[in-house]
Amino acid sequence: MATKIYMDNAATTPVRDEVLNTVIPYFKEYYGNASSVYSIAKESKKALEKAREQVAKGIGAKTDEIFFTAGGSESDNMALRGVAEALKGKGNHIITTKIEHHAILHTCEYLEKQGYEVTYLSVDEFGKISLDELEKSIRPETILISVMFANNEIGTIQPVAEIGKLAREKGVLFHTDAVQAVGHVLVDVEEMKIDLLSLSGHKLGAPKGVGAIYIRKGVPVQPLIFGGAQEKRKRAGTENIPGIVGLGKAVELAVADMEAETKRLVELRDKLISEILAKVPESRLNGHPTDRLPGNCNISFAYIEGESMLLLLDAMGIAASSGSACTSGSLDPSHVLMAIGLPHEIAHGSLRLTLDRINTPEDVEYVLNKVPDVVQKLREMSPLYEEVMNKKV
Ligand SMILES: *Cc1c(COP(=O)(O)O)cnc(C)c1O
């Protein structure tokens with residue numbers, strides 16, 4: 001069945017109509033290379049700088065602190081590898097968390113092979129780090145703390161301002177992967193004392209393959225990509241003008257209606273959560289009850305396999321996601337669900353529904369009508385469930 005209800009907005013979002021309309025002329029009319037001197041190229045250059053301003057404004061940064069990249073993964077790589085290399089004379093210790101996106105975790109593993117030491121902070125049952133553990137992990141040779149703003153699986157929002165304050169006091173740089181946060185919750189790099197921040201277009205209604213990194217003035221970062229002089233020699237390559245224009249527009253739009261949209265999404269999210277928990281026995285919410293992304297609902301159902309749930313939901317026209325093993329391509333369930341202490345069998349039965357602008361109250365009703373039946377159907381087929389039920393009677 002064709003997808004009727006898309007509830008996987010943490011994976012990617014459709015490009016917003018206003019964004020698409022803004023972008024089209026930059027494919028067809030203003031296609032000039034921003035580095036050239038003739039008029040048509042000046043339009044590209046102008047658009048590039050306008051987008052830089054829009055992104056900067058959206059996160060409380062200065063225009064010259066924004067550098068465009070090809071997405072969240074590149075920005076994360078650039079932050080970690082760029083700072084590690086620039087500060088290798090100063091220290092070799094990096095602090096991050098166990099629940100980061102793989103763009104951070106796999107970069108850290110690479111850096112460990114290069115001789116860096118990495119501390120992976122644990123999180124509590126709600127997915128929050130401990131500021132106390134963070135403070136105790138800081139050593140004289142610590143050069144960078146990288147803690148994600150909001151988690152892509154369970155939606156938990158970290159105490160970013162407190163982390164920033166601590167890092168600044170200790171003289172350690174602070175990077176945050178804010179790919180899930182920008183355009184969804186308030187982000188202010190000044191107020192929150194953030195030194196580096198990653199964001200990505202396709203998680204907020206802009207095209208895929210475009211993102212940005214915020215680098216506070218004076219923070220040393222070695223480039224990853226060498227070539228032309230673009231992005232003040234920090235990131236070579238002819239700029240993806242349509243993508244960048246789309247990113248700027250999407251950030252501007254998202255920040256402009258964030259308050260109203262947050263209120264709307266929190267209502268839908270909380271309805272989804274409370275009614276699923278009420279209708280399905282042996283289900284539990286993953287992530288923090290209140291400090292969570294407005295659109296994130298992540299629930300585990302005992303005795304079933306997430307992957308089977310996704311297939312049945314897809315057959316009903318619902319697109320969702322799971323932290324089960326099959327989805328991740330390994331035998332272990334998601335590292336995030338493991339880090340919050342879920343037993344394997346519960347982690348395997350997780351369902352992530354992520355709402356965004358496109359979702360309506362009718363979508364939520366539809367999903368609420370289908371999910372309990374799907375869980376029941378799968379449990380009826382589960383030998384494990386049968387065994388447990390037999391023991392209970
Ligand atoms: C999606 C995502 C990324 C990767 O961004 P891309 O633009 O897809 O490379 C990084 N971190 C988080 C938290 C994400 O959700």
Side-chain angles (χ1 to χ4, degrees), residues 6-15 19 55 59 66-82 96-110 120-121 123 127-129 146-158 160 163 175-185 187 194 196-214 224-225 235 237 240 242-244 246-248 250-251 254 286-288 291-298 320-323 327-328 334-337 339-340 352-356:
Y6 182 77
M7 283 204 191
D8 201 16
N9 289 282
T12 195
T13 59
V15 172
V19 171
V55 172
I59 61 168
I66 302 296
F67 301 85
F68 292 109
T69 66
S73 300
E74 187 188 325
S75 298
D76 283 345
N77 272 261
M78 186 170 170
L80 266 55
R81 292 165 66 181
T96 186
T97 80
K98 289 184 176 155
I99 62 162
E100 298 295 312
H101 189 273
H102 285 132
I104 295 289
L105 290 179
H106 291 163
T107 305
C108 284
E109 283 166 26
Y110 165 80
Y120 299 89
L121 300 175
V123 293
K128 284 226 189 194
I129 67 151
S146 180
V147 176
M148 72 199 313
F149 204 115
N151 185 267
N152 45 305
E153 290 188 38
I154 57 174
T156 301
I157 299 171
Q158 299 297 337
V160 175
I163 299 169
H175 165 254
T176 186
D177 173 344
V179 170
Q180 292 288 336
V182 172
H184 301 281
V185 294
V187 175
I194 297 165
L196 304 114
L197 175 146
S198 307
L199 64 97
S200 174
H202 74 104
K203 306 285 173 79
L204 59 111
K208 294 163 183 59
V210 64
I213 181 170
Y214 151 79
L224 285 185
I225 299 173
R235 204 282 186 181
N240 168 11
I244 290 169
L247 175 59
V251 169
N286 298 317
H288 198 280
D291 291 339
R292 71 186 298 134
L293 288 168
N296 178 291
C297 165
N298 187 318
S321 161
S322 168
T327 330
S328 64
S334 124
H335 64 284
V336 177
L337 299 178
I340 61 172
R352 181 186 74 177
L353 299 161
T354 43
L355 306 161
D356 202 3

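In listed order, ligands and their atoms are each counted from 1. This one's a predicted model, so the numbers in the text were calculated from it and none came from an experiment.
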> For Gln158 and Ile129, which heavy atoms make the closest approach, and how far apart are they?
Replying inline: OE1-N, 3.0 Å

> Do the side-chain N and O atoms of Thr107 and Asn77 include a donor-acceptor pair separated by under 3.5 angstrom?
Replying inline: yes

> Residues in side chain to side chain contact (heavy atoms under 4.5 Å, CB included) with Tyr110, at least two apart?
Replying inline: Arg81, Gln114

> Can you name the residues that form a side chain to side chain donor-acceptor pair (under 3.5 Å) with Thr156, not counting sequence neighbours?
Replying inline: none

>> As a test of reading the model: which residues have a non-hydrogen atom less than 4.0 Å away from ligand 1?
In response: Gly71, Gly72, Ser73, Asp76, His101, Met148, Asn152, Asp177, Val179, Gln180, Ser200, His202, Lys203

> Leu247 versus Pro207: any side-chain heavy-atom pair under 4.5 Å?
Replying inline: no

>> Can you list everything that forms a side chain to side chain donor-acceptor pair (under 3.5 Å) with Thr69? Sequence neighbours excluded, please.
In response: Ser75

